[in-house]
Amino acid sequence: MHQDGKWNPLWDKLSEWDPEWTEQFMAMNAIPIQRKVFTPQFVELLSIAIDAAATHLYAPGVRRHIRAALDLGVSRDEILAVLQMVSVLGIHACNLGVPILAEELDAHQARRAAS
């Protein structure tokens, strides 16, 4: 598992504490790829999206999957489009935060005006 280049060193402690679960997780994660439902190019693009997502941000994985995608003939524009699409995940912080900020600014101003 560690020698294939797909191991995140952040998982070391998890593997130490529960190696059986970690092995099962890694095996489960590989099933969709082993079934060959998607083309290798699509798997790499999907992997780039997962690793680059705001909820994951795993740079070594992004690099590994970009290299693999390029080696498979995926274009720069296809990879860039995936990165642009996945960047939308981060917009939810604004969707949540901006209305709250507006409410709190109004409340703050009201408190100041009342004092």
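In this chain, residues are counted from 1 in sequence order. Predicted, not measured: the structure shown is a model, and the values here were computed from it.
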Q: Is any side-chain heavy atom of Leu70 less than 4.5 Å from a side-chain heavy atom of Ile79?
A: yes
Q: Looking at Ser15 and Asp12, would you say the former's side chain and the latter's main chain have a donor-acceptor pair under 3.5 Å?
A: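 No, the answer is negative, given that no donor and acceptor are paired below the 3.5 Å cut-off.
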Q: Any side-chain heavy atom of Val74 sitting closer than 4.5 Å to one from Glu44?
A: no
Q: State plainly whether one hydrophobic cluster holds both Ile50 and Ile33, where clusters connect Ile, Leu, Val, Met, Phe, Trp and Tyr through side-chain heavy atoms under 4.5 angstrom apart.
A: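 Same cluster.
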Q: Determine whether the side chains of Glu78 and Ser75 contain a donor N or O and an acceptor N or O closer than 3.5 Å.
A: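 Indeed, the side chains of Glu78 and Ser75 share at least one donor-acceptor pair under 3.5 Å.
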Q: Please find the pair of heavy atoms, one from Val62 and one from Ala52, that lie closest to each other, and give the distance.
A: CG2-N, 3.6 Å
Q: Within the structure provided, determine whether Met28 and Gln24 are in side-chain contact (heavy-atom separation under 4.5 Å).
A: no
Q: Answer with yes or no whether the hydrophobic clustering places Phe38 together with Val82; edges join I, L, V, M, F, W, Y residues whose side-chain heavy atoms lie under 4.5 Å apart.
A: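 No.
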Q: Could you see if Val37 belongs to whatever hydrophobic cluster contains Leu46? Use Ile, Leu, Val, Met, Phe, Trp, Tyr and a side-chain cutoff under 4.5 Å.
A: yes
Q: How far does CE of Met85 sit from CD1 of Ile48, to the nearest 0.5 angstrom?
A: 12.5 Å
Q: Of all the heavy-atom pairs spanning Leu89 and Ala53, show the shortest one and how long it is.
A: CD1-CB, 3.5 Å
Q: Would you call Glu20 and Glu23 a side-chain contact if the rule is heavy atoms closer than 4.5 Å?
A: no
Q: Just say parallel, tilted or perpendicular for the rings of Trp21 and Phe25, cut-offs at 30° and 60°.
A: parallel
Q: Is a side-chain N or O of Ser47 found less than 3.5 angstrom from the main chain of Val43, in a donor-acceptor match?
A: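 Yes.
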